[in-house]
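These notes concern the structure reproduced below.
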Amino acid sequence: MHHSKIIFICLIILSFLGCQKNKETQKQIVKPNILFILVDDLGYHDLGVTGSTFYETPNVDKLANEGMMFTNGYASSRVCSPSRASIMTGKFTARHGITDWIGAKTGKDWRTRNRHDKLLPADYVMELSHEDVTIAEAFKNNGYKTFFAGKWHLGGRGSHPEDHGFDINIAGIDAGSPRGGFFSPWNNPKLPNKQKGENLTLRLANETADFIAKHKDTTFFAFLSFYAVHAPIQTTETKWKKYRNKADSLGIAKTGYLMERVLPIRTVQDNPIYGGLVETMDDAVGVVLKALKDNGLEENTIVVFTSDNGGVASGDNYSTSNLPLRGGKGYQWEGGIREPNVIKVPWLKNDGTTSEFPAINTDFYPTLLDAANVPLQPEQHIDGISLKPLLEGKPLNNNRPLYWHYPHYGNQGGEPASIIQKEGWKLIHYWEDGREELFKLPSEEKEHQNVLSKHPKIAQNLSNTLMTWLQNVRAKYPTKDEEFNASERKKILDNYKSKKLSKLEKQRQEILSTSFQPNTTWWGSKTTID
């Protein structure tokens, strides 16, 4: 009888453990919600979790510490529209054809910029193709409610988010920057003004939080695409003062810029306006993550956080520094394409693990389908792979090549170039003169030491592979400008060195001055709550 009782108790325990295991398995196979957070122009080192000692991003840092961060995560382009199209389609830029930010001049029209460049930029596709099945359409076709809020910049009327699989579109139009700025009144036909001085970034977060609350009993795919931290860089007086004082306490560097090949480039993170803009973005991330928790969805929602290209270190507002990575937005080096890619799948409990696997934003499409148990569409997301094995702690083959194609001139000083990266080797082919650079990552991630002469065979093999791929996807190339004037070009470059550099230094000191005030109302934001 004694033995019978022991056996009976053991059977009960085993049955209980089996039920718990079944419940855990069932928990994993329930269709999860998806929250995709895309920041505009956020640099790899613009977060506390990626090494910034100036910007404060506790909400994003917490998210990264709850998921997996890919330390070799990439955007598929150095500028916005191509990168965003790659997220939506799972295709590299040369394949989907949107190779520059939509609105940039091409061909002979480029001459109106009066830059006197050697080449005329290639033509490109100017709206997201309706032949592609976007990631939103893939989820919508599998029963998901789809939502978009924020920056779109993938086409105008007829090619807005609602034309590509999103049931709801808040603020998504053709614009690449916030018309009217980051404080209401703004000029966006898909985002009515409510309160004077309202912050755009927080408004988009609140709209997303409202969507989450209203659809907590459905399965949703929500895409929050901030206009921040794109220019114009704006913040409140309170946040400016906080970061101005912080810059002072850390020690304000005598100089904040050096000359890159074409334009000056920022070398320190001490812009208090940009610091406030970054923190507000982080505040907004906190709003949507809290909405998940408050509605009991935190454990059943996959969250992605990333940016569309590198931080703006040259051109535009010279907002940040990406050092030790070279370059920034618009540049062909790591500072232009390396991104803080974070994926949190709650039930996998990655808890702040990192992966050195070279992941790129075309991978999000198949990864999210795979993690959500939605059928993959390999003919669509042809240039992406599922990262789910890595999230599960399993190995993944690391020998695929990654490609970037930018047959244009960047506003920030970048040159027309194409790139291949494979097994840690990165080769850059420049279209102005055919020269090439070879770097071994991560040892040469600063990209100041071209090692091509030491590894000619590796360089040749990579170059051949790159050219074959470009030919296969029918890539478009820049052409020689027959009216190129070398002496006029030299005048422009000399002006950058003699005048632009000193002007930027003067402006930097003004912004850090205790008496700095951009206008009498601080963009109308004094009435808002920080």
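- Residues that satisfy the side chain to side chain contact (heavy atoms under 4.5 Å, CB included) test with A222, not counting sequence neighbours, are L35, F147, F211, F220.
- Counting heavy atoms from C-beta outward, L42 and M281 have side chains that approach closer than 4.5 Å.
- In this view, Y274 and Y55 satisfy the ring pair (Phe, Tyr, Trp, His ring centres under 6.0 Å) rule, not counting sequence neighbours.
- At a cut-off of 3.5 Å, with distance as the only test, a side-chain donor of H164 or S159 sits close to an acceptor on the other residue.
- When atom types are taken as modelled, the side chain of N295 and the backbone of L297 share no donor-acceptor pair closer than 3.5 angstrom.
- Under 4.0 Å is where a charged nitrogen must lie from a carboxylate oxygen, and between D41 and K329 at least one such pair does.
- Below 30°, between 30° and 60°, or above 60°: for F221 and F139 the angle between ring planes is below 30°, a parallel geometry.
- Looking only at side-chain heavy atoms (C-beta outward), Y403 and L466 come within less than 4.5 Å of each other.
- At least one side-chain heavy atom of H408 sits under 4.5 Å from a side-chain heavy atom of T99.
- Just one of F70, F223, F36 meets the ring pair (Phe, Tyr, Trp, His ring centres under 6.0 Å) condition when paired with F364; it is F36.
- Taking D174 as the reference, R179 meet the side chain to side chain contact (heavy atoms under 4.5 Å, CB included) condition, with sequence neighbours excluded.
- Pairs passing the salt bridge (charged side-chain N to carboxylate O under 4.0 Å, His left out) check and including a residue from residues 335-344, sequence neighbours excluded, read E66-K344, E334-R338, R338-E445.
- Here the side chains of S52 and L47 are not in contact, with every heavy-atom distance at 4.5 Å or above.
- Under the ring pair (Phe, Tyr, Trp, His ring centres under 6.0 Å) criterion, F484 pairs with no residue, sequence neighbours left out.
- The only member of W404, Y406, W431, W469 that meets side-chain hydrogen bond (donor to acceptor under 3.5 Å, both in side chains) when paired with S418 is W431.
- No side-chain heavy atom of T93 sits under 4.5 Å from any side-chain heavy atom of I98.
- Of the candidates I170, V287, L224, L224 is the only one forming a side chain to side chain contact (heavy atoms under 4.5 Å, CB included) with T208.
- Remark: the backbone N or O of Y44 is paired with a side-chain donor or acceptor of T50 at under 3.5 angstrom.
- With salt bridges taken as basic N to acidic carboxylate O contacts below 4.0 Å, none links E131 and K91.
- Side-chain atoms of R474 and R95, non-hydrogen and from C-beta on, never get closer than 4.5 Å to each other.
- Shown here are the salt bridge (charged side-chain N to carboxylate O under 4.0 Å, His left out) partners of R203, two or more places apart in sequence or in another chain: E198, E207.
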Quick one: do D363 and T367 satisfy side-chain hydrogen bond (donor to acceptor under 3.5 Å, both in side chains)? Show the steps, please. CA-CA 6 Å; D363 296 334; T367 300; 6.0 Å; no
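- For the side-chain hydrogen bond (donor to acceptor under 3.5 Å, both in side chains) test, residues two or more places apart in sequence or in another chain that qualify with S76 are S86, N361.
- For N169, the side chain to side chain contact (heavy atoms under 4.5 Å, CB included) test picks out F148, H160, P161, E162, K190, with sequence neighbours left out.
- By the side chain to side chain contact (heavy atoms under 4.5 Å, CB included) test, Q471 pairs with no residue at all, sequence neighbours left out.
- Among residues at least two apart or in separate chains, side chain to side chain donor-acceptor pair (under 3.5 Å) pairs with a member in residues 148-157 are D40-K151, S81-H153.
- For K140, the side-chain hydrogen bond (donor to acceptor under 3.5 Å, both in side chains) partners are D167, not counting sequence neighbours.
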| message | Pair E279, Y243 - check side-chain hydrogen bond (donor to acceptor under 3.5 Å, both in side chains), show working. | response | CA-CA 10 Å; E279 184 179 305; Y243 282 96; 2.5 Å; yes
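- No salt bridge links E483 with K108; every basic N to acidic carboxylate O contact stays at or beyond 4.0 Å.
- Listed by chain and number, the residues in a ring pair (Phe, Tyr, Trp, His ring centres under 6.0 Å) with H116 amount to none (sequence neighbours excluded).
- Two residues are said to be in side-chain contact when any heavy atoms from C-beta on lie closer than 4.5 Å; D481 and D117 fail this criterion.
- Residues T280 and F182 are not in side-chain contact: their nearest non-hydrogen atoms beyond the backbone lie 4.5 Å or more apart.
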